[in-house]
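Every number for a ligand or one of its atoms is a count from 1 in the order of the listing.
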Amino acid sequence: MKIAVFGDIHNSFSQADLEYFEGHPYPVYLFVGDLGKASFSRTQKTIGLMNRIAQKPDSLFVMPGNHDGPGFFMLAGELFRWEWLQKLFLPRTLRHIRRITEILSNGTFGGYSFFPLPEFTLLLSRPYSMGSRVNYPPLMETLYGVRNYRDSVRMYKKILDQIRHEHPEKPVVILAHNGPKGCGHKKDDLWGSDFTRKIRDWGEIDLKLAIQYGKKIGLKIPAVVGGHMHRTPVQPDRRDILLKEGTLYLNAADVPRVIQGKHTFYELEISGGTARAQKIEFGQ
Ligand SMILES: [Fe+2]
C-alpha cells in the first residue's frame, strides 16, 4: 500500500496539488502538521484546500503541529515557559483548533488515537510537539489530560495495549509532528537541533519510549513519520530517512515544499511489516 506524506506545509499547498493528486490519487494522505504560519485567516484557506484532497473516508489524517491553533502569544508563552500567558490565550487557541477541525471536515485532526486502515494501523501521536518537554501544558491538559512526559507515556501505553489487543497482526505506522529521540544528535540528523548553542537530539523521549514499548509487546512498527525540524535551502543536508531496528524513520519537512513551481512530497510504501519511502517531485 502506497500512501502520500506531507511535511510542514506552512501554506505551501495549492490548486496545483489538488490537480496532481486527482490524477495520481493515494488511498491515504498524511500531514505532519504546521499547516500555516502567523496569519490564521491564510491558514484557514490552506486547510480548506487540503480538505479537498480526501476522496473517501479515512483517507486524510493531520497531526497538529505547534503552529496549528497556538498563535504568536501562545508560542511565546511556550518558549518562555510562561503558563500565565498560555492560560490567557488558551480560549483563543481552542477556538482556532475548533475552527480547524470544522474546516477539515473530510479528515482527522488530533492525537493520542488510532485508526485501523486496510493494511496497517495508524497511530496519531502526541500533538503540538516542538521538543524538550510536553509543550503547551495548559492546552494539552485541557484537550488530553496530559501535562508531562510521564502522562504521555502512560497514554501511549494504553493506546498500544489496545492496538495489540484488537489488531495484533497489523503493522503500526506512527504519525508525529516532532519525531522521536534516538535518530541522531548532529545538525544534519533527522531531528538534530540547528538552533541550540550545543547541537543535540531534539526528538521526543515519550515517543521513543512508546516505540520501544510497542515493539516489546509484539507490534511491528515499520514506519514513524514526522517533521517540525526543517530541511531548507539554507540547511539542505538534513537527512530525511533513517532505517533503524526494523523501523523506517522519515522527516518529511522540506520547507518550503514548493520551490520555483516544483512541488515535493513523500511516497511511503507499507508492505507487510516493512516500509520504503521516496521523495516525489512534480511541477516545473
Ligand atoms: Fe513545528
For this session: Under 2.8 Å from the Fe ion (ligand 1), which protein N, O or S atoms are there? Could you list them by chain and number?
Result: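 Result, waters dropped: Asp34 OD2, Asn66 OD1, His177 NE2, His228 ND1.
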Exercise. Partners of Arg154 by salt bridge (charged side-chain N to carboxylate O under 4.0 Å, His left out), sequence neighbours excluded?
Worked result: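 By the salt bridge (charged side-chain N to carboxylate O under 4.0 Å, His left out) rule, Arg154 matches Asp151.
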Problem set entry | Those residues that, when tested against Asp240, pass salt bridge (charged side-chain N to carboxylate O under 4.0 Å, His left out) (two or more places apart) |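 By the salt bridge (charged side-chain N to carboxylate O under 4.0 Å, His left out) rule, Asp240 matches no residue at all.
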Exercise. Among all residues two or more places apart in sequence or in another chain, which pass the side chain to side chain contact (heavy atoms under 4.5 Å, CB included) test with Gln235?
Worked result: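 Here the qualifying residues are Lys187, Asp188, Asp194, Thr232, Arg238.
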Exercise. Is the centre of the Tyr29 ring less than 6.0 Å from the centre of the Phe265 ring?
Worked result: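 No, ring centres 6.0 Å or more apart.
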Exercise. Is a side-chain donor-acceptor pair under 3.5 Å present for Tyr112 with Ser152?
Worked result: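 Looking only at side-chain atoms, Tyr112 and Ser152 do form a donor-acceptor pair, the distance falling under 3.5 Å.
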Exercise. Would you say the side-chain atoms of Asp161 and Tyr213 include a donor-acceptor pair closer than 3.5 Å?
Worked result: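 Their side chains do contain a donor-acceptor pair, which is all the 3.5 Å distance test asks for.
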